[in-house]
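This report refers to the structure that appears directly beneath it.
Since the model is a prediction, treat every value here as computed from it, not as a measurement. Indexing begins at 1, ligand by ligand and atom by atom, following the structure's order.
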Amino acid sequence: MDLRNKTLCASGFHAPERGEIDILDNALIAIGADGKIEAIHRPGDPNYRAVRDAREETGELVSLAPGSYLLPGFVDLHVHAPQYPQLGSALDVPLEIWLQKYTFPLEARYEDLAFARHSYGLLVEDLLANGTTTALYFATIHQEATRALVDICLDKGQRALIGKVAMDNADECPDYYRDASPEAAIEGTRALIDYITVHPENGEARVLPVVTPRFIPSCTDATLEGLGAIARECGCHVQTHCSESDWAHGYVLSRHGATDAEMLDRFGLLGRRSVLAHANFLTADDMERVRVREAAVAHCPLSNVYFANAVFPLLAALEKGLHVGLGTDISGGPSASMLENCRGAILMSRALEAGVDPNLDDRARATFGPAQIDFRDAFYIATTGGGVALDLPVGQFKPGYLFDAIVIDTKAQKGSVRLFDEFDAGEQILQKIINTASKPNIASTWVGGLNVRLS
Ligand code: GUN
Ligand code: FE
(Lines give C-alpha, C1' and ligand atoms only; values in the text may rest on other atoms or scores of the structure.)
(Ligands and ions follow the chains in the order given, each with its own letter.)
Protein backbone atom coordinates (compact mmCIF):
# COMPACT_ATOMS: atom_id res chain seq x y z
CA MET A 1 0.00 0.00 0.00
CA ASP A 2 1.23 3.52 -0.78
CA LEU A 3 1.77 5.61 2.33
CA ARG A 4 1.66 9.15 0.95
CA ASN A 5 -0.79 11.21 2.99
CA LYS A 6 -0.96 8.39 5.53
CA THR A 7 0.37 7.94 9.05
CA LEU A 8 2.17 4.71 9.83
CA CYS A 9 2.15 3.32 13.35
CA ALA A 10 5.31 1.25 13.57
CA SER A 11 7.97 -0.19 15.81
CA GLY A 12 11.44 -0.39 14.34
CA PHE A 13 15.01 0.82 14.29
CA HIS A 14 17.29 3.38 12.69
CA ALA A 15 20.80 4.66 13.38
CA PRO A 16 20.95 8.46 13.15
CA GLU A 17 24.39 8.44 14.81
CA ARG A 18 27.09 5.83 14.47
CA GLY A 19 27.11 3.43 17.40
CA GLU A 20 23.61 4.34 18.57
CA ILE A 21 20.36 2.68 17.65
CA ASP A 22 17.19 4.71 18.00
CA ILE A 23 14.31 2.37 18.79
CA LEU A 24 10.86 3.30 17.58
CA ASP A 25 8.12 1.83 19.72
CA ASN A 26 4.69 2.31 18.17
CA ALA A 27 5.79 5.61 16.71
CA LEU A 28 3.45 7.53 14.43
CA ILE A 29 5.23 8.51 11.22
CA ALA A 30 3.27 11.03 9.16
CA ILE A 31 4.15 10.92 5.47
CA GLY A 32 3.33 13.83 3.16
CA ALA A 33 2.05 13.98 -0.40
CA ASP A 34 5.66 14.38 -1.56
CA GLY A 35 6.79 11.12 0.07
CA LYS A 36 8.72 12.90 2.82
CA ILE A 37 8.34 12.36 6.55
CA GLU A 38 6.34 15.27 7.98
CA ALA A 39 6.47 14.39 11.65
CA ILE A 40 7.23 11.58 14.07
CA HIS A 41 5.17 11.28 17.25
CA ARG A 42 6.18 8.89 19.99
CA PRO A 43 4.06 7.52 22.83
CA GLY A 44 4.59 9.98 25.68
CA ASP A 45 4.54 13.00 23.35
CA PRO A 46 1.67 15.22 24.53
CA ASN A 47 -0.30 15.01 21.29
CA TYR A 48 0.36 11.33 20.53
CA ARG A 49 -3.09 10.06 21.46
CA ALA A 50 -4.86 12.93 19.71
CA VAL A 51 -2.91 12.45 16.46
CA ARG A 52 -3.52 8.74 16.53
CA ASP A 53 -7.24 9.08 17.12
CA ALA A 54 -7.61 11.75 14.45
CA ARG A 55 -5.80 9.68 11.80
CA GLU A 56 -7.76 6.61 12.72
CA GLU A 57 -10.98 8.57 12.35
CA THR A 58 -10.12 9.73 8.82
CA GLY A 59 -8.88 6.28 7.75
CA GLU A 60 -5.32 7.58 7.32
CA LEU A 61 -3.73 5.36 9.97
CA VAL A 62 -1.85 2.24 8.87
CA SER A 63 -0.41 -0.06 11.52
CA LEU A 64 2.28 -2.72 11.26
CA ALA A 65 1.41 -6.12 12.66
CA PRO A 66 3.12 -7.32 15.87
CA GLY A 67 6.48 -8.93 15.00
CA SER A 68 6.99 -6.60 12.04
CA TYR A 69 9.74 -3.96 12.30
CA LEU A 70 10.36 -0.88 10.22
CA LEU A 71 13.92 -0.22 9.03
CA PRO A 72 15.25 2.42 6.65
CA GLY A 73 15.64 0.95 3.16
CA PHE A 74 19.19 -0.08 2.34
CA VAL A 75 21.45 2.22 0.33
CA ASP A 76 23.67 0.06 -1.90
CA LEU A 77 26.61 2.31 -2.65
CA HIS A 78 28.22 0.19 -5.36
CA VAL A 79 26.46 -1.94 -7.96
CA HIS A 80 27.55 -2.92 -11.47
CA ALA A 81 24.10 -3.35 -12.99
CA PRO A 82 25.31 -5.19 -16.14
CA GLN A 83 27.16 -7.81 -14.11
CA TYR A 84 24.00 -9.31 -12.60
CA PRO A 85 24.01 -12.36 -14.93
CA GLN A 86 27.45 -13.16 -13.50
CA LEU A 87 26.42 -12.94 -9.82
CA GLY A 88 27.84 -15.89 -7.90
CA SER A 89 30.23 -16.96 -10.65
CA ALA A 90 33.52 -15.88 -12.24
CA LEU A 91 35.26 -15.65 -8.88
CA ASP A 92 38.37 -17.69 -9.64
CA VAL A 93 40.88 -15.15 -10.98
CA PRO A 94 42.40 -11.83 -9.89
CA LEU A 95 40.77 -8.51 -10.77
CA GLU A 96 42.88 -7.64 -13.80
CA ILE A 97 42.22 -11.05 -15.38
CA TRP A 98 38.57 -11.12 -14.27
CA LEU A 99 37.91 -7.87 -16.13
CA GLN A 100 39.35 -9.11 -19.43
CA LYS A 101 38.21 -12.73 -19.21
CA TYR A 102 34.66 -12.41 -17.89
CA THR A 103 33.49 -8.89 -17.20
CA PHE A 104 34.28 -6.88 -20.33
CA PRO A 105 32.79 -9.60 -22.59
CA LEU A 106 29.62 -9.64 -20.47
CA GLU A 107 29.29 -5.86 -20.35
CA ALA A 108 29.81 -5.67 -24.13
CA ARG A 109 26.60 -7.70 -24.53
CA TYR A 110 24.59 -4.66 -23.43
CA GLU A 111 24.89 -3.33 -26.95
CA ASP A 112 21.82 -5.58 -27.34
CA LEU A 113 18.94 -3.55 -25.94
CA ALA A 114 16.56 -6.48 -25.48
CA PHE A 115 19.17 -8.32 -23.41
CA ALA A 116 19.80 -5.16 -21.38
CA ARG A 117 16.09 -4.63 -20.66
CA HIS A 118 15.65 -8.21 -19.50
CA SER A 119 18.71 -8.27 -17.27
CA TYR A 120 18.18 -4.80 -15.78
CA GLY A 121 14.49 -5.52 -15.11
CA LEU A 122 15.35 -8.62 -13.09
CA LEU A 123 18.08 -6.82 -11.17
CA VAL A 124 15.96 -3.85 -10.11
CA GLU A 125 13.08 -6.10 -9.00
CA ASP A 126 15.43 -8.35 -7.05
CA LEU A 127 17.17 -5.46 -5.32
CA LEU A 128 13.84 -3.95 -4.26
CA ALA A 129 12.79 -7.36 -2.92
CA ASN A 130 16.08 -7.44 -0.99
CA GLY A 131 15.24 -4.10 0.61
CA THR A 132 17.57 -1.90 -1.43
CA THR A 133 15.67 1.35 -1.91
CA THR A 134 18.60 3.39 -3.25
CA ALA A 135 21.31 2.05 -5.55
CA LEU A 136 24.38 3.74 -6.99
CA TYR A 137 24.85 2.04 -10.36
CA PHE A 138 27.65 1.67 -12.84
CA ALA A 139 25.99 0.81 -16.17
CA THR A 140 28.04 0.18 -19.33
CA ILE A 141 29.52 2.37 -22.06
CA HIS A 142 26.28 2.08 -24.07
CA GLN A 143 23.89 4.98 -24.34
CA GLU A 144 20.71 3.07 -25.16
CA ALA A 145 21.12 0.32 -22.56
CA THR A 146 21.98 2.86 -19.88
CA ARG A 147 18.87 4.84 -20.76
CA ALA A 148 16.91 1.61 -20.42
CA LEU A 149 18.27 1.22 -16.87
CA VAL A 150 17.08 4.76 -16.09
CA ASP A 151 13.62 3.97 -17.51
CA ILE A 152 13.39 0.70 -15.56
CA CYS A 153 14.31 2.34 -12.24
CA LEU A 154 11.72 5.06 -12.85
CA ASP A 155 9.12 2.50 -13.85
CA LYS A 156 9.73 0.19 -10.88
CA GLY A 157 10.24 3.07 -8.45
CA GLN A 158 13.76 2.49 -7.20
CA ARG A 159 15.80 5.52 -6.18
CA ALA A 160 18.88 5.25 -8.35
CA LEU A 161 22.03 7.11 -9.28
CA ILE A 162 23.23 5.95 -12.66
CA GLY A 163 26.39 6.48 -14.66
CA LYS A 164 27.37 5.66 -18.19
CA VAL A 165 30.77 4.04 -17.68
CA ALA A 166 33.66 5.99 -19.21
CA MET A 167 36.61 3.85 -20.35
CA ASP A 168 38.73 4.80 -23.34
CA ASN A 169 42.30 3.69 -22.59
CA ALA A 170 43.27 1.34 -25.43
CA ASP A 171 46.08 -0.15 -23.32
CA GLU A 172 43.66 -1.52 -20.73
CA CYS A 173 40.30 -1.82 -22.53
CA PRO A 174 39.62 -4.21 -25.40
CA ASP A 175 38.74 -3.00 -28.91
CA TYR A 176 35.28 -4.51 -28.65
CA TYR A 177 34.41 -2.66 -25.43
CA ARG A 178 35.73 0.85 -25.04
CA ASP A 179 34.80 4.45 -25.74
CA ALA A 180 36.23 5.40 -29.12
CA SER A 181 37.92 8.56 -27.81
CA PRO A 182 37.98 10.99 -24.88
CA GLU A 183 35.35 13.01 -26.76
CA ALA A 184 33.09 9.95 -26.98
CA ALA A 185 33.49 9.23 -23.26
CA ILE A 186 32.81 12.84 -22.32
CA GLU A 187 29.95 13.45 -24.74
CA GLY A 188 28.35 10.13 -23.77
CA THR A 189 28.45 11.23 -20.14
CA ARG A 190 26.86 14.58 -20.98
CA ALA A 191 24.17 12.90 -23.07
CA LEU A 192 23.13 10.65 -20.18
CA ILE A 193 23.07 13.58 -17.75
CA ASP A 194 20.75 15.41 -20.16
CA TYR A 195 18.53 12.34 -20.60
CA ILE A 196 18.07 11.91 -16.85
CA THR A 197 17.66 15.60 -16.09
CA VAL A 198 14.83 16.24 -18.54
CA HIS A 199 13.17 12.81 -18.35
CA PRO A 200 9.40 13.39 -18.22
CA GLU A 201 8.89 10.70 -15.55
CA ASN A 202 11.68 12.07 -13.35
CA GLY A 203 9.93 15.10 -11.86
CA GLU A 204 10.87 14.06 -8.32
CA ALA A 205 14.52 13.48 -9.35
CA ARG A 206 14.30 9.91 -8.16
CA VAL A 207 17.01 9.03 -10.65
CA LEU A 208 20.19 11.13 -10.66
CA PRO A 209 23.11 11.13 -13.10
CA VAL A 210 26.62 10.15 -12.06
CA VAL A 211 29.96 10.93 -13.68
CA THR A 212 31.53 7.46 -13.86
CA PRO A 213 35.16 6.97 -14.89
CA ARG A 214 35.51 3.19 -14.41
CA PHE A 215 38.88 3.59 -12.73
CA ILE A 216 42.07 5.39 -13.60
CA PRO A 217 43.64 2.40 -15.43
CA SER A 218 40.79 2.24 -17.95
CA CYS A 219 40.73 6.00 -18.69
CA THR A 220 43.09 8.36 -20.48
CA ASP A 221 44.14 11.55 -18.75
CA ALA A 222 42.11 13.56 -21.28
CA THR A 223 38.95 11.70 -20.30
CA LEU A 224 39.61 12.09 -16.58
CA GLU A 225 40.17 15.83 -17.05
CA GLY A 226 37.03 16.22 -19.13
CA LEU A 227 34.93 14.30 -16.61
CA GLY A 228 36.33 16.41 -13.78
CA ALA A 229 35.18 19.50 -15.67
CA ILE A 230 31.67 18.04 -16.11
CA ALA A 231 31.48 17.16 -12.41
CA ARG A 232 32.40 20.73 -11.47
CA GLU A 233 29.98 22.18 -13.96
CA CYS A 234 26.91 20.07 -13.14
CA GLY A 235 27.59 19.48 -9.44
CA CYS A 236 26.45 15.90 -9.90
CA HIS A 237 27.72 12.76 -8.23
CA VAL A 238 30.96 11.02 -9.20
CA GLN A 239 31.76 7.34 -8.75
CA THR A 240 34.86 5.33 -9.52
CA HIS A 241 37.04 2.54 -8.15
CA CYS A 242 39.89 3.62 -5.93
CA SER A 243 43.00 1.69 -4.82
CA GLU A 244 41.07 -1.57 -4.84
CA SER A 245 43.74 -4.26 -5.24
CA ASP A 246 47.53 -4.47 -5.24
CA TRP A 247 47.46 -4.38 -9.02
CA ALA A 248 45.01 -1.48 -9.36
CA HIS A 249 46.79 0.59 -6.71
CA GLY A 250 50.22 -0.21 -8.18
CA TYR A 251 49.12 0.61 -11.73
CA VAL A 252 48.22 4.18 -10.79
CA LEU A 253 51.40 4.64 -8.76
CA SER A 254 53.51 3.57 -11.74
CA ARG A 255 51.53 5.56 -14.35
CA HIS A 256 51.29 8.76 -12.33
CA GLY A 257 53.76 8.50 -9.45
CA ALA A 258 50.83 9.26 -7.14
CA THR A 259 47.94 7.41 -5.51
CA ASP A 260 44.40 7.13 -6.86
CA ALA A 261 43.03 9.58 -4.31
CA GLU A 262 45.69 12.20 -5.15
CA MET A 263 45.10 11.81 -8.87
CA LEU A 264 41.31 11.88 -8.60
CA ASP A 265 41.69 15.09 -6.63
CA ARG A 266 43.96 16.59 -9.29
CA PHE A 267 41.42 15.67 -11.98
CA GLY A 268 38.62 17.39 -10.03
CA LEU A 269 36.90 14.10 -9.28
CA LEU A 270 37.14 14.13 -5.49
CA GLY A 271 34.33 16.16 -3.93
CA ARG A 272 31.36 16.06 -1.57
CA ARG A 273 29.39 13.89 -3.96
CA SER A 274 32.18 11.49 -4.93
CA VAL A 275 31.97 7.83 -3.99
CA LEU A 276 35.15 5.77 -4.09
CA ALA A 277 34.52 2.05 -4.33
CA HIS A 278 36.73 -0.20 -2.19
CA ALA A 279 39.54 2.23 -1.27
CA ASN A 280 41.36 -0.59 0.52
CA PHE A 281 44.85 0.79 0.04
CA LEU A 282 44.28 4.40 1.03
CA THR A 283 47.39 5.81 2.72
CA ALA A 284 47.03 7.94 5.84
CA ASP A 285 47.40 11.03 3.62
CA ASP A 286 44.75 9.68 1.23
CA MET A 287 42.32 9.17 4.10
CA GLU A 288 42.88 12.71 5.25
CA ARG A 289 42.35 13.98 1.70
CA VAL A 290 39.10 12.02 1.35
CA ARG A 291 37.93 13.36 4.71
CA VAL A 292 38.77 16.98 3.89
CA ARG A 293 37.03 16.75 0.51
CA GLU A 294 34.03 15.11 2.25
CA ALA A 295 34.07 12.36 -0.33
CA ALA A 296 32.86 8.87 0.61
CA VAL A 297 34.03 5.29 0.51
CA ALA A 298 31.78 2.46 -0.65
CA HIS A 299 32.91 -0.44 1.50
CA CYS A 300 32.43 -3.73 -0.37
CA PRO A 301 33.37 -6.46 2.11
CA LEU A 302 32.36 -9.55 0.13
CA SER A 303 33.92 -8.38 -3.12
CA ASN A 304 37.09 -7.48 -1.27
CA VAL A 305 37.49 -11.10 -0.13
CA TYR A 306 37.76 -12.12 -3.77
CA PHE A 307 39.47 -9.23 -5.50
CA ALA A 308 41.13 -6.83 -3.08
CA ASN A 309 44.03 -8.72 -1.45
CA ALA A 310 43.21 -6.83 1.76
CA VAL A 311 40.49 -5.83 4.20
CA PHE A 312 39.34 -2.19 4.23
CA PRO A 313 40.08 -0.65 7.66
CA LEU A 314 36.46 0.34 8.22
CA LEU A 315 36.70 1.15 11.92
CA ALA A 316 39.66 3.47 11.37
CA ALA A 317 37.86 5.25 8.54
CA LEU A 318 34.72 5.71 10.64
CA GLU A 319 36.70 6.93 13.62
CA LYS A 320 38.55 9.44 11.44
CA GLY A 321 35.15 10.77 10.37
CA LEU A 322 35.17 9.65 6.74
CA HIS A 323 31.81 9.16 5.07
CA VAL A 324 31.41 5.43 4.53
CA GLY A 325 28.54 3.42 3.08
CA LEU A 326 28.14 -0.23 2.17
CA GLY A 327 28.14 -1.75 -1.32
CA THR A 328 27.42 -5.19 -2.74
CA ASP A 329 29.69 -4.57 -5.76
CA ILE A 330 27.55 -6.94 -7.81
CA SER A 331 29.13 -9.07 -9.24
CA GLY A 332 32.59 -8.75 -7.68
CA GLY A 333 30.73 -9.61 -4.50
CA PRO A 334 28.61 -12.76 -4.95
CA SER A 335 25.50 -11.52 -3.12
CA ALA A 336 22.83 -8.94 -4.00
CA SER A 337 21.79 -8.75 -0.35
CA MET A 338 22.82 -5.79 1.78
CA LEU A 339 22.10 -7.91 4.88
CA GLU A 340 24.68 -10.45 3.74
CA ASN A 341 27.09 -7.62 3.13
CA CYS A 342 26.46 -6.31 6.65
CA ARG A 343 27.49 -9.72 7.92
CA GLY A 344 30.52 -9.71 5.62
CA ALA A 345 31.58 -6.33 7.02
CA ILE A 346 31.34 -7.63 10.57
CA LEU A 347 33.16 -10.90 9.83
CA MET A 348 36.00 -9.32 7.90
CA SER A 349 36.51 -6.64 10.56
CA ARG A 350 36.98 -9.38 13.13
CA ALA A 351 39.40 -11.27 10.91
CA LEU A 352 41.39 -8.07 10.41
CA GLU A 353 41.67 -7.50 14.14
CA ALA A 354 42.43 -11.10 15.14
CA GLY A 355 44.62 -11.98 12.15
CA VAL A 356 44.13 -15.28 10.38
CA ASP A 357 47.35 -17.32 10.34
CA PRO A 358 47.03 -20.23 12.84
CA ASN A 359 50.77 -20.89 12.61
CA LEU A 360 51.47 -17.66 14.49
CA ASP A 361 50.89 -17.15 18.17
CA ASP A 362 48.08 -14.77 19.04
CA ARG A 363 50.24 -11.67 19.46
CA ALA A 364 52.14 -12.19 16.25
CA ARG A 365 48.86 -12.98 14.45
CA ALA A 366 47.00 -9.88 15.59
CA THR A 367 49.27 -7.20 14.20
CA PHE A 368 46.74 -4.79 12.74
CA GLY A 369 45.25 -3.30 15.91
CA PRO A 370 41.62 -2.47 16.71
CA ALA A 371 39.34 -3.14 13.73
CA GLN A 372 36.20 -4.88 14.99
CA ILE A 373 32.83 -3.41 14.21
CA ASP A 374 29.45 -4.72 15.37
CA PHE A 375 25.91 -4.95 14.00
CA ARG A 376 25.28 -1.30 14.90
CA ASP A 377 28.09 -0.07 12.67
CA ALA A 378 27.11 -2.44 9.88
CA PHE A 379 23.50 -1.22 10.05
CA TYR A 380 24.70 2.38 10.16
CA ILE A 381 26.80 2.12 6.99
CA ALA A 382 24.05 0.19 5.16
CA THR A 383 21.51 2.98 5.82
CA THR A 384 22.53 6.36 7.32
CA GLY A 385 26.11 6.16 6.02
CA GLY A 386 24.89 5.62 2.47
CA GLY A 387 22.55 8.60 2.70
CA VAL A 388 25.33 10.83 4.06
CA ALA A 389 27.73 9.60 1.37
CA LEU A 390 25.24 10.54 -1.35
CA ASP A 391 24.22 13.80 0.33
CA LEU A 392 20.58 12.66 0.07
CA PRO A 393 17.89 12.77 2.80
CA VAL A 394 17.52 8.99 3.02
CA GLY A 395 18.59 6.26 5.43
CA GLN A 396 17.04 7.67 8.60
CA PHE A 397 13.59 8.43 9.96
CA LYS A 398 13.54 12.20 10.47
CA PRO A 399 11.17 14.97 9.46
CA GLY A 400 12.21 16.19 6.01
CA TYR A 401 13.73 12.84 5.06
CA LEU A 402 12.25 10.72 2.30
CA PHE A 403 10.20 7.79 3.49
CA ASP A 404 12.37 5.02 2.00
CA ALA A 405 11.74 2.04 4.24
CA ILE A 406 11.30 -1.70 4.56
CA VAL A 407 9.38 -3.97 6.89
CA ILE A 408 11.06 -7.01 8.40
CA ASP A 409 8.48 -9.61 9.29
CA THR A 410 10.21 -11.62 12.00
CA LYS A 411 7.34 -14.11 12.07
CA ALA A 412 7.63 -15.09 8.38
CA GLN A 413 7.52 -18.88 8.38
CA LYS A 414 9.86 -19.18 5.40
CA GLY A 415 12.17 -16.54 6.79
CA SER A 416 15.26 -17.15 8.89
CA VAL A 417 14.70 -14.95 11.95
CA ARG A 418 13.51 -16.73 15.08
CA LEU A 419 12.70 -14.51 18.05
CA PHE A 420 11.92 -15.81 21.52
CA ASP A 421 9.78 -13.56 23.69
CA GLU A 422 11.66 -14.72 26.80
CA PHE A 423 15.02 -13.60 25.40
CA ASP A 424 14.60 -11.04 22.67
CA ALA A 425 13.80 -7.40 23.17
CA GLY A 426 15.08 -3.97 22.12
CA GLU A 427 18.37 -3.82 20.21
CA GLN A 428 18.71 -7.58 20.43
CA ILE A 429 15.91 -7.85 17.89
CA LEU A 430 17.83 -5.64 15.46
CA GLN A 431 20.96 -7.70 16.05
CA LYS A 432 19.09 -10.86 15.13
CA ILE A 433 17.60 -9.17 12.06
CA ILE A 434 21.01 -8.05 10.82
CA ASN A 435 22.57 -11.45 11.50
CA THR A 436 19.81 -13.77 10.34
CA ALA A 437 17.13 -12.10 8.18
CA SER A 438 16.71 -13.10 4.56
CA LYS A 439 14.52 -12.18 1.61
CA PRO A 440 11.37 -13.94 2.86
CA ASN A 441 11.52 -11.69 5.94
CA ILE A 442 11.38 -8.52 3.84
CA ALA A 443 7.64 -7.98 3.67
CA SER A 444 7.32 -4.45 2.24
CA THR A 445 9.48 -1.90 0.48
CA TRP A 446 8.64 1.79 0.05
CA VAL A 447 10.50 4.47 -1.84
CA GLY A 448 9.31 8.01 -1.21
CA GLY A 449 6.22 6.56 0.46
CA LEU A 450 5.26 4.53 -2.62
CA ASN A 451 4.97 0.76 -2.48
CA VAL A 452 7.55 -0.60 -4.91
CA ARG A 453 7.08 -4.34 -4.56
CA LEU A 454 5.57 -6.67 -7.12
CA SER A 455 3.51 -8.64 -4.66
N1 GUN B 1 37.74 -2.12 -11.25
C2 GUN B 1 37.44 -1.72 -12.50
N3 GUN B 1 36.28 -2.25 -12.91
C4 GUN B 1 35.82 -2.99 -11.90
C5 GUN B 1 34.65 -3.79 -11.71
O6 GUN B 1 33.79 -3.92 -12.57
N7 GUN B 1 34.53 -4.38 -10.49
C8 GUN B 1 35.46 -4.24 -9.51
N9 GUN B 1 35.26 -4.84 -8.36
N10 GUN B 1 36.57 -3.54 -9.67
C11 GUN B 1 36.75 -2.91 -10.86
FE1 FE C 1 33.13 -2.45 -8.59
Residues forming a ring-ring contact (aromatic ring centres under 6.0 Å, His included) with H142, sequence neighbours excluded: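 Per chain and number, H142 pairs via ring-ring contact (aromatic ring centres under 6.0 Å, His included) with Y177.
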With respect to the Fe ion (ligand 2), what is the nearest N, O or S atom of D329?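 Going by distance to the Fe ion (ligand 2), the closest N, O or S atom in D329 is OD1.
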Of all N, O or S atoms in H78, which has the smallest distance to the Fe ion (ligand 2)?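 Atom name of the closest N, O or S in H78: NE2.
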Do H241 and F138 have ring centres separated by under 6.0 Å?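 So the answer is yes for these two rings.
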Residues [X] and [Y] bridged, charged N to O under 4.0 Å:
| X | Y | result |
| --- | --- | --- |
| D374 | R376 | yes |
| D179 | R214 | no |
| E187 | R190 | yes |
| R147 | E144 | no |

Regarding C300, does it place an N, O or S atom less than 2.8 Å from the Fe ion (ligand 2)?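 No.
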For atom 6 (O) of ligand 1, what is the closest protein heavy atom, and at what distance to 0.1 Å?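 Looking at atom 6 (O) of ligand 1, the protein heavy atom closest to it is R214 NH2, 2.7 Å.
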Do any nitrogen or oxygen atoms of [X] lie less than 3.5 angstrom from nitrogen or oxygen atoms of ligand 1?
| X | result |
| --- | --- |
| H78 | no |
| E107 | no |
| E244 | yes |

Where ligand 1 meets L95 - atom numbers and elements under 4.0 angstrom, heavy-atom basis: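 Those qualifying, in numeric order: 8 (C), 10 (N), 11 (C).
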Considering only heavy atoms of D329, which atoms of ligand 1 have at least one such atom less than 4.0 Å away?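 Those of ligand 1 that fall under 4.0 Å from D329 are 8 (C), 9 (N).
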Judged by atom type as modelled, is there a donor-acceptor pair below 3.5 Å linking the side chain of R206 to the main-chain atoms of R159?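 Side chain of R206 to backbone of R159, a donor-acceptor pair under 3.5 Å: no, none is there.
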Which is it for W98 and ligand 1 at heavy atoms under 4.0 Å: side chain, backbone, both or neither?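 Side chain only; the backbone of W98 stays clear of ligand 1.
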Is there a heavy atom of F215 sitting under 4.0 angstrom from any atom of ligand 1?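 Checking ligand 1 against F215, which is what was asked, there is a heavy-atom contact under 4.0 Å.
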Spatial distance of atom CG (L430) from atom CG (D22) [nearest 0.5 Å]: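 If I round to the nearest 0.5 Å, the distance is 11.5 Å.
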